[in-house]
Amino acid sequence: MKILFMGTPDFARESLKALYESGEEIVAAVTQPDKPKGRGYKLCPCAVKIYAEEKKIPVYQPDTLKGEEFSSLLKSLSPDLIVVVSYGKLLPENVLEFPKYGCINVHGSLLPKYRGAAPIQRAIINGESMTGITTMYMEKGLDTGDMLQKTEVEISDNDNFETLHDKLALCGAQTLLSTIKSLKAGTLSPSKQNDNEATYAAKIEKNDCLIDFSKTAREIFNLVRGLSPLPLAFTHTPDGNILKVVSCECEKTDNMQVGVAPGTVISLDGGICVACEGGSVKILEVIPQGKGRMNAQDFVRGRKIFVGDIFK
RNA sequence: CGCGGGGUAGAGCAGUUUGGUAGCUCGUCGGGCUCAUAACCCGGAGGUCGUGAGGUUCAAGUCCCACCCCCGCAA
């Protein structure tokens, strides 16, 4: 079965890797064009491209999937199946309809929950204790296609975006293999998504990353780990500088203080304890503006943060 | 040439503007206090101030030049 793989970041690479290592016939990898990234705006190839080139899989980076150019490429590759994992663009209908066995997508949530761009982050931020992988047939809508297989993955308090992302990437790869196996065996039984239960996991914006200390410790804890290590939740120190928070923990509510404004530093013992709704959070690791990652205590040592300072 | 911050003791920082004996907090080592301590007190060790036998100077962490490295933002 000739498979065309479409995907871009690390998350997608795991699926490509699994396909490759299981001996599937991958006719090509389609990925986003190299983009100027990082300091100095150097052109950076994405994870899928790097892996594909390493394995001598032909790589294509079309600017658009619409139009003749990609259509003719499709015809020449003539895949029987297209596998899409975090590609980054919607597929036009003519592409969706091209392969004999359709287009299969690997999505990082238990659909119909968390459709959209940031299912992993949103699941953590919302305090879910369970998420997973869903494979599905693709259709016009965003993550609305008929579901094929699911694998559940537990979210523990120790998980942050990075750890959960890595787990789901591997899990996604395995679920994909399993789905393709069933496809070949003819034992797939697609099931419709219940649109009434659908939720949407919007892309993470800057606004999502600002810590609101009038929320509960648990909510702040979830936000911080859901955005760690990228793009990171942040707050502002009294001097107005941005302080990114890499990790924190919920303090026991028994050290809650009465009459202290949310965002107030109430202790520097073992970290930076900041008052919030119903308790406090202890900030453990930070990235100050213009600096690298460091322990909260190191930050306090050099920067003169005092009890009574207010973060906002 | 995207914008910007930085390289000073094991860690985090000050000192550079206005050159003149290298400092703070923490850690570490030793001693003291204490029933005890991560608490407190006293004392010590530890630095070619990124590199260049570079330039200016009586004198350079500080001013000038060149190079190397690290990081933040933005995408």
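Each chain gets a letter, A, B and so on, in the order the sequences are listed, and its residues count up from 1.
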**Item:** Interatomic distance at P, B:rG5 relative to B:rC13, whole Å
**Value:** 16 Å
**Complete:** Between A:Gln149 and the options A:Ser191, A:Ser189, A:Ser182, the side chain to side chain donor-acceptor pair (under 3.5 Å) test singles out A:Ser182
**Message:** Within a 6.0 Å radius of atom CG on A:Asp166, are there more than 12 heavy atoms belonging to other residues, nucleotides or ligands?
**Reply:** yes
**Message:** If hydrophobic residues (ILVMFWY) are linked whenever their side-chain heavy atoms come closer than 4.5 Å, directly or via other members, who joins A:Phe234 in its cluster?
**Reply:** A:Leu210, A:Ile242
**Request:** Take atom P in B:rG72 and the same atom in B:rC26, then report the distance between them in whole Å.
**Result:** 28 Å
**Item:** B:rA11 phosphate, OP1 or OP2, under 4.0 Å from A:Arg301 side-chain N/O
**Value:** no
**Request:** With P as the reference atom in both, quote the distance from B:rA11 to B:rC67 in angstrom, rounded to an integer.
**Result:** 28 Å
**Prompt:** Between B:rC3, B:rA74, B:rG12, which nucleotide has the shortest distance from any of its atoms to the side chain of A:Asp298?
**Reply:** B:rG12
**Item:** Separation of the P atoms in B:rU25 and B:rA14, to the nearest angstrom
**Value:** 15 Å
**Prompt:** Taking the side chain of A:Tyr41 as its heavy atoms from C-beta onward, which of B:rG12, B:rG4, B:rA74 lies nearest to it?
**Reply:** B:rA74
**Comparing A:Gly40 and A:Gly302 on RNA chain B - which has the more 5′ nearest nucleotide** = A:Gly40
**Message:** Does a side-chain N or O of A:Lys291 approach OP1 or OP2 of B:rC13 to a distance below 4.0 Å, or not?
**Reply:** yes
**Prompt:** How far, in whole Å, is B:rA45 from B:rC29 if one measures between their C1' atoms?
**Reply:** 7 Å
**Asked** In whole Å, what separates the P atom of B:rU17 from that of B:rA60?
**Response** 14 Å
**5′-ward residue of the pair A:Pro288/A:Lys37 relative to RNA chain B** = A:Pro288
**Prompt:** What's the CD1-C1' distance between A:Ile242 and B:rG4, to the nearest Å?
**Reply:** 12 Å
**Request:** For A:Lys42, answer base if it contacts any base atom (sugar-phosphate contacts may also be present), sugar-phosphate if it contacts only those atoms, and nothing otherwise; contact means non-hydrogen atoms under 4.0 Å.
**Result:** nothing
**Request:** Please state the C1' separation for the pair B:rG27 and B:rG47 - nearest whole angstrom.
**Result:** 16 Å
**Asked** Which whole-number value in Å describes the distance from A:Arg293 CZ to B:rC70 C1'?
**Response** 16 Å
**Complete:** Taken to the nearest whole Å, CZ/A:Arg303 to C1'/B:rC26 is 16 Å
**Message:** Please report the distance separating the C1' of B:rU48 from the corresponding atom of B:rU8, rounded so that it comes out in whole Å.
**Reply:** 12 Å
**Item:** Presence of salt bridge, A:Asp159 and A:Lys167, under 4.0 angstrom
**Value:** yes
**Asked** A:Lys35 NZ to B:rA74 C1': how many Å, rounded?
**Response** 15 Å
**Message:** Using a strict threshold of under 4.0 Å (side-chain N to carboxylate O), is an ion pair present between A:Lys215 and A:Asp212?
**Reply:** no
